[in-house]
Amino acid sequence: IMEANQHAFHSSLHISGDHAGTSGGYGGGWNWNGPRSFTSEQFGPGSRCVDTDKPFTVAAEFPTDAQGNLSAMHVALSQPGSHCNVSIKIEDYAGNAQIAESLRRGMTPVLSYWRSKDMLWLDGEGK
């Protein structure tokens, strides 16, 4: 749902065996270009929509179609006092059926925090 730091934000859907999956957000890359669903003017320290120097809210939804199949993942970032939000919509992923089944069986999203001196995959400028 969220891979982020002050300078970058990614949301990804991927299943076992599909390391890359599909993603949206902003930032990343040292030998590739990460997602660019919004800009550094909209997300980051001092940004006009989500200023990462201050607390902000992340909301994730997993809408389904009439048959209960996962149709997308929506992620919205908002901040009190901001007049604009940023959002990511990931749809039409080939692994949606497997993810939907895992959610139906009670899969629980897990958050983890970690650090590394080499985070260019997440917040690099891209090529």
Side-chain angles (χ1 to χ4, degrees):
I1 296 172
M2 179 175 131
E3 299 168 332
N5 63 25
Q6 268 194 303
H7 306 283
F9 189 100
H10 296 189
S11 289
S12 303
L13 287 177
H14 50 90
I15 57 176
S16 178
D18 181 9
H19 177 73
T22 187
S23 65
Y26 174 72
W30 66 94
N31 61 356
W32 67 293
N33 282 320
R36 300 291 191 264
S37 305
F38 38 88
T39 69
S40 61
E41 292 178 3
Q42 296 170 300
F43 178 90
S47 294
R48 63 182 175 84
C49 296
V50 178
D51 178 353
T52 58
D53 287 329
K54 302 173 185 174
F56 61 92
T57 299
V58 177
E61 299 177 339
F62 298 90
T64 57
D65 63 19
Q67 291 75 40
N69 299 313
L70 181 66
S71 59
M73 178 174 71
H74 298 165
V75 179
L77 288 70
S78 61
Q79 191 166 53
S82 174
H83 299 291
C84 55
N85 299 326
V86 295
S87 62
I88 301 162
K89 183 177 183 179
I90 300 173
E91 54 190 346
D92 300 325
Y93 174 53
N96 277 355
Q98 186 173 341
I99 293 170
E101 179 57 28
S102 296
L103 290 168
R104 274 194 284 280
R105 288 183 299 175
M107 177 179 69
T108 303
V110 175
L111 302 177
S112 64
Y113 295 91
W114 50 277
R115 67 181 180 156
S116 171
K117 292 181 181 189
D118 181 10
M119 295 294 289
L120 292 177
W121 66 269
L122 177 65
D123 60 11
E125 292 181 20
K127 61 177 182 174

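From a predicted model like this one, the values you see are computed outputs, not experimental measurements. For reference, positions follow the sequence shown, starting with 1.
- Summarising the geometry, atom CD belonging to E101 is positioned 10.5 Å from atom CE belonging to M107; distances are rounded to the nearest 0.5 Å.
- When all heavy atoms of P63 and A72 are compared, the pair lying nearest together is CD-O, 3.3 Å.
- Across every non-hydrogen atom of S11 and V75, the tightest pair is OG-CG2, 3.5 Å.
- No donor-acceptor distance shorter than 3.5 angstrom exists from the side chain of S87 to the backbone of A76, with no hydrogens or angles considered.
- Pairing each heavy atom of F56 with each of V50, the nearest pair is CG-CG1, 3.6 Å.
- Side-chain contact between N96 and N69 is absent, with no heavy atoms from C-beta onward closer than 4.5 Å.
- To the nearest 0.5 Å, atoms OG1 (T22) and NE2 (H14) are separated by 10.5 Å.
- Considering only heavy atoms from C-beta on, I15 comes within 4.5 Å of Y93 through its side chain.
- A donor-acceptor pair is defined here as one N or O able to donate and one able to accept, closer than 3.5 Å; no such pair exists between the side chain of S23 and the backbone of S12.
- In this structure, the side chain of S47 engages the main chain of S40 through a donor-acceptor pair within 3.5 Å.
- Formation of a donor-acceptor pair under 3.5 Å by the Q79 side chain with backbone atoms of P55 is found in this model.
- Checking side-chain atoms of R36 against main-chain N and O of G27 turns up a donor-acceptor pair under 3.5 Å.
- In this pair, F9 and F43 present their aromatic rings perpendicular. The plane angle is above 60°, beyond the 30 to 60° band.
- No side-chain heavy atom of Q42 sits less than 4.5 Å from a side-chain heavy atom of C84.
- Rounding to the nearest 0.5 Å places CG of L70 at 10.5 Å from CD of E91.
- Between D53 and G46, the closest heavy-atom pair is OD2-N, 3.7 Å.
- Residues S78 and N85 share a closest heavy-atom pair of CB-OD1, 3.3 Å.
- Contact of the H7 side chain with the P45 side chain is registered, since non-hydrogen atoms from C-beta on lie closer than 4.5 Å.
- Contact record, M73 with L13: SD-CD2, 3.8 Å, taken as the closest heavy-atom pair.
- L77 has its side chain within reach of V58: a pair of non-hydrogen atoms, C-beta onward, lies under 4.5 Å apart.
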